[in-house]
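Data block below; observations after.
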Amino acid sequence: QAQLAESGGGSVQDGGSLRLSCTNSGRILSSSVIAWFRQAPGKEREFVALTRWARDSRLYADSVKGRFTISRDSPKNTVYLQMNNLRAKDTAVYYCAVGSQYSSDPRKYQRWGQGTQVTVGT
């Protein structure tokens with residue numbers, strides 16, 4: 001089965017930037033939706049951003065709007081999450097996921113990566 005692999009996490013200071021990558025090892029259907037979620041310790045997994053694979057249609061959580069940008073590179077089978085002006089509250093494990101519905105509900109996504117840690121220090 002095709003796998004998702006996240007990379008690019010790390011530790012940054014408050015106000016810093018990181019770019020996360022999500023690479024799919026298999027074929028992605030043109031109807032697919034790729035999303036980023038995050039989960040902080042003791043909290044539920046929350047939606048961050050999503051994009052349709054085949055066209056420019058994006059959605060962002062209010063908490064990241066204006067700071068994060070999701071994009072895709074189809075030839076590389078990769079989706080990116082550019083994160084700017086990071087804050088301590090952005091600290092979490094970030095996951096990418098593939099689904100068939102344009103949804104911020106994590107239950108609508110069938111394939112998940114292993115996650116990458118993002119830590120923002122003050």
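Here the structure is a predicted model, which is why all the values come from computation and not from measurement.
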Of all residues at least two apart in sequence or in a different chain, which pass the side-chain contact (heavy atoms from CB on, under 4.5 Å) check with Ala54?
-> Ser30
Taking all atoms of both residues into account, what is the closest heavy-atom pair of Tyr102 and Ser57, and its distance?
-> OH-OG, 3.2 Å
Can you run down the salt bridge (charged side-chain N to carboxylate O under 4.0 Å, His left out) pairs that involve residues 54-70, sequence neighbours left out, and say none if there aren't any?
-> Asp56-Arg58, Asp56-Arg72, Asp62-Lys65, Arg67-Asp90
Non-neighbouring partners of Ser104 that pass side-chain contact (heavy atoms from CB on, under 4.5 Å), sequence neighbours left out | Phe47
Do you see a donor-acceptor pair shorter than 3.5 Å between the side chains of Thr23 and Thr78?
-> yes
Tyr60 to Ile70 - nearest heavy-atom pair and separation | OH-N, 2.9 Å
For residues Phe37 and Trp112, establish whether the separation of their ring centroids is below 6.0 Å.
-> yes
If you round to the nearest 0.5 Å, how far is OG of Ser100 from OH of Tyr109?
-> 9.0 Å
Going by the disulfide (SG to SG under 2.5 Å) test, which pairs reach into residues 40-96, not counting sequence neighbours?
-> Cys22-Cys96
Across all chains, not counting sequence neighbours, the side-chain contact (heavy atoms from CB on, under 4.5 Å) partners of Val98 are Leu4, Ser32, Ile34, Arg111
Where is the tightest heavy-atom contact between Met83 and Val118, given as atom of each residue plus distance?
-> CE-CG2, 3.8 Å
Name every donor-acceptor pair, under 3.5 Å, that has one atom in a side chain of residues 9-17 and the other anywhere in the protein, sequence neighbours excluded.
{"from": "Ser17", "atom 1": "OG", "to": "Asn84", "atom 2": "OD1", "distance (Å)": "3.0"}

Arg38 to Tyr94, cation-pi by 6.0 Å centre distance and 45° axis angle = no
